[in-house]
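Contents: one structure, followed by commentary.
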Amino acid sequence: MTARLTQATEGGTTVLRFEGALDLASVGSLWEATLRAARAKQGRTLAIDLAAVPSCDTAGATLLAVAEQAAGKAEIRNANPEISSLLTRVRAARSVKAAPKPPRQGNFLGDGLKSAADWVAFVGEVLVAIARAPGHRRMFLVRDLLAYTDNAGVQAIPLVALLGFLMGLILAFQSSIPLRQFGADIYVVNLVVISLFRELGPLLAAVILAGRTGSAFAAELGTMVVNDEVAAITTMGIDPVTMLVLPRLAATMLVMPGLSLLMEIAGVLGMTLVMGILGFPPVAVYNQAIQAARMRDLIGGLVKAMVFGGAIAVIGCRTGLGAGLGPRAVGEAATAAVVGGIFGTIVLDGIFTILYYRLHL
Amino acid sequence: MTDAALVDAQDVAQRFGDRTVFQHVSFQIFPREIFVILGGSGCGKSTLMRQMIGLLPPSEGRVLVLGHDMRFPDMDVLRRLGVMFQGGALFGNMTLLENVMLPLEMHTDLPIEARRDLAAVKLGLVGLADAANLQPAEISGGMAKRCGIARALALDPPLLFLDEPAAGLDPVTSAGLDQLILDLRDQLGICFVVVSHELTSILTIGDRCLMLDKSAKGVIATGDPRKLRDESTDPRVQAFFRRKAA
């Protein structure tokens with residue numbers, strides 16, 4: 001376990017004398033001292049005496065080879081045949097230098113433009129696949145559509161209902177504080193209902209969908225890319241967009257209006273609970289809600305929700321299918337799907353807001 | 001002889017539910033030996049290796065590795081084993097050099113320059129010195145296997161387990177890997193436990209082998225693989241070595 005190093009000068013030669021086995025356990029304590037001595041030979045010849053070294057592993061042989069290199073030239077003395085043989089092999093192993101890291105191709109602007117072009121191309125591929133879907137009915141797997149509908153929709157119901165209820169409750173509590181100062185407590189209903197129907201219902205449902213389903217799509221498709229499953233689909237003459245993207249797209253567009261509506265109903269229930277605490281019976285809340293909300297608020301919100309669902313599916317599928325190789329790529333694709341899904345939803349929401357405003361909806 | 005054994009499997013069995021993969025398996029592996037576990041697909045070769053490296057406790061019996069019962073793997077014993085998994089099992093977010101440096105970083109107090117030098121030597125030993133700065137995604141399957149061996153060698157273990165080292169490699173790369181295993185055994189005195197069904201490789205490197213058979217649910221032959229090929233009268237052994245359909 002322990003090895004020792006002593007240094008002596010014999011004539012014009014600096015002699016480094018090792019004692020004991022030179023192995024991984026012992027070289028750590030000798031490393032710095034050996035290299036210091038090897039570098040400081042000051043014009044003398046360096047000799048490394050291994051007469052008292054019974055054995056050596058690759059760590060010990062590496063130390064000797066590194067010392068030889070640090071000294072420029074050194075003479076190895078009294079090494080037994082095994083150590084000599086190992087040292088020869090380690091010298092050979094060290095003789096090939098590592099190639100530098102490959103430079104990163106491309107640049108920020110070029111990569112950004114290419115990425116934008118890829119996105120446009122992918123959306124184009126999806127639109128073409130939708131147009132061709134009637135002729136490619138076999139490639140559109142209905143069992144996948146049902147599975148994704150279940151996963152993205154049915155399994156999300158408890159989470160969406162709970163979050164919607166809490167959101168309605170919080171909004172009602174927060175808005176009741178300023179409105180009460182003006183004796184306008186009942187208008188809490190207007191505020192909450194319109195907020196939920198027009199904005200928060202679709203938006204929050206979309207955030208949940210992006211987190212649960214968009215990331216799952218990206219991870220699943222990314223893994224398929226890594227495992228060459230997508231390549232296998234392509235070489236079988238099957239359009240991967242029709243087979244893999246369209247069922248997911250259809251499923252999210254189907255379930256999103258439902259999830260959004262569920263969130264709105266749950267939010268109204270949460271608000272009703274708060275209004276009850278504030279002294280307003282459910283009937284009064286109901287009448288106020290009917291007056292406040294218009295059908296076009298509800299319909300407009302549901303249309304937005306459907307578009308958000310489609311965007312999240314497209315973004316999740318694109319990041320998954322565009323994943324690189326290796327296990328890290330799948331994680332990166334999933335992260336990009338969530339970030340991209342939420343970002344895309346908010347951008348689309350902004351566009352809808354302008355559109356609805358211009359159309360007086 | 002038992003005291004010197006690096007691996008001592010004692011009446012080992014493995015069952016998954018009602019399905020018995022193998023049973024009554026006993027053998028010993030000694031220093032400086034290249035011991036090959038062979039047999040057809042699904043006979044339990046990799047399962048037996050997983051028992052030896054502490055990833056799977058046997059359903060019955062026990063496996064002693066370096067004197068330690070691997071039903072209860074111990075960090076001190078595990079760090080004295082090197083394992084190369086079938087695909088290399090390299091960490092995708094590290095370069096090859098960083099992959100090999102990892103065990104040195106975790107288990108030694110060597111300065112970083114020393115760790116880098118040592119890792120570079122290990123990569124040089126397997127012929128990957130020039131690829132040290134590449135990522136696993138940028139290398140071939142054969143290179144990944146060799147890097148897996150370099151990482152398994154990082155701590156100079158006395159015992160190295162290789163799972164299908166020759167599988168999927170071209171004959172030249174496979175022959176190079178066989179020669180590397182022989183050199184490492186001869187020069188570093190490492191004992192190898194190799195799981196393989198590549199005949200050429202088995203006959204080239206194996207000192208002793210243990211042959212598992214799926215239908216027998218256990219060992220059907222042990223000994224020098226060349227002698228088994230030439231002298232065994234067991235039709236299952238002959239079918240394997242003569243590449244005949246069973």
Side-chain angles (χ1 to χ4, degrees), chain A residues 21-36 55-70 80-104 225-227 323-332, chain B residues 32 79-80 82 87-98 100 103-105 107-139 144 150 153-158 179-180 183-184 186-190:
Chain A
L22 281 180
D23 56 21
L24 190 64
S26 65
V27 294
S29 59
L30 301 175
W31 199 277
E32 297 290 351
T34 305
L35 293 194
R36 211 178 309 121
S55 62
C56 176
D57 66 8
T58 50
T62 303
L63 173 61
L64 299 175
V66 170
E68 278 183 311
Q69 190 185 35
N80 66 37
E82 286 81 18
I83 295 177
S84 293
S85 164
L86 183 58
L87 191 52
T88 304
R89 181 169 265 275
V90 167
R91 282 190 197 119
R94 283 174 50 79
S95 65
V96 182
K97 294 295 167 211
K101 283 187 183 177
R104 188 178 171 274
V225 169
V226 170
N227 292 338
L325 296 175
R328 206 175 163 192
V330 176
E332 285 170 355
Chain B
R32 301 183 75 93
R79 62 175 286 190
R80 293 170 63 204
L90 303 178
F91 302 115
N93 56 343
M94 299 179 187
T95 63
L96 303 196
L97 187 75
E98 289 164 344
V100 181
L104 294 165
E105 199 175 331
H107 293 299
T108 72
D109 295 324
L110 290 170
I112 181 146
E113 286 307 321
R115 294 201 299 267
R116 190 166 287 134
D117 278 327
L118 273 176
V121 164
K122 307 293 180 188
L123 283 173
L125 287 175
V126 298
L128 287 178
D130 57 340
N133 289 323
L134 297 181
Q135 301 272 339
E138 297 169 322
I139 61 174
L153 283 171
L155 296 171
D156 280 305
Q179 190 55 49
L180 174 72
D183 287 350
L184 291 173
D186 294 342
Q187 294 184 2
L188 302 180
I190 296 172

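Only heavy atoms go into these numbers, but all of them, side chains included; no hydrogens, no water, no symmetry mates. The model shown is predicted, which means the values in this text are computed figures rather than measured ones.
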Below 4.5 Å from any heavy atom of chain A, which atoms of [X] appear? Answer side chain, backbone, both or neither.
| X | answer |
| --- | --- |
| B:Leu104 | side chain |
| B:Leu118 | both |
| B:Asp117 | both |
| B:Leu125 | both |

| message | Determine whether a donor-acceptor pair (N or O, by modelled atom type, separation under 3.5 Å) exists between the side chain of B:Asp130 and the backbone of A:Ala99. | response | no

Heavy-atom nearest pair, A:Ala98 first then B:Ala132, reads CB-CB, 3.7 Å

Ranking A:Thr58, A:Thr62, A:Leu24 by heavy-atom pairs under 4.5 Å to chain B gives rank one to A:Thr58

Residue set satisfying side chain to side chain donor-acceptor pair (under 3.5 Å) with B:Glu138, at least two apart, ordered chain then number -> none

Most heavy-atom pairs under 4.5 Å with chain A, out of B:Leu96, B:Leu128, B:Asp183, B:Val126, belong to B:Asp183

Original post:
Do the non-hydrogen side-chain atoms of B:Thr95 and A:Lys101 ever get within less than 4.5 Å of each other?
Top reply: yes

Residue B:Asp109 excluded, over 12 heavy atoms near CG under 6.0 Å: no

Sequence neighbours excluded, the answer for side chain to side chain contact (heavy atoms under 4.5 Å, CB included) partners of B:Asp186 is none

Expected contact set for residues 81-91 of chain A against chain B at heavy-atom separation under 4.5 Å reads A:Ser85, A:Leu86, A:Arg89, A:Val90

In short, salt bridge (Lys or Arg N to Asp or Glu O under 4.0 Å) pairs touching residues 118-127 of chain B with sequence neighbours left out are B:Lys122-B:Asp156

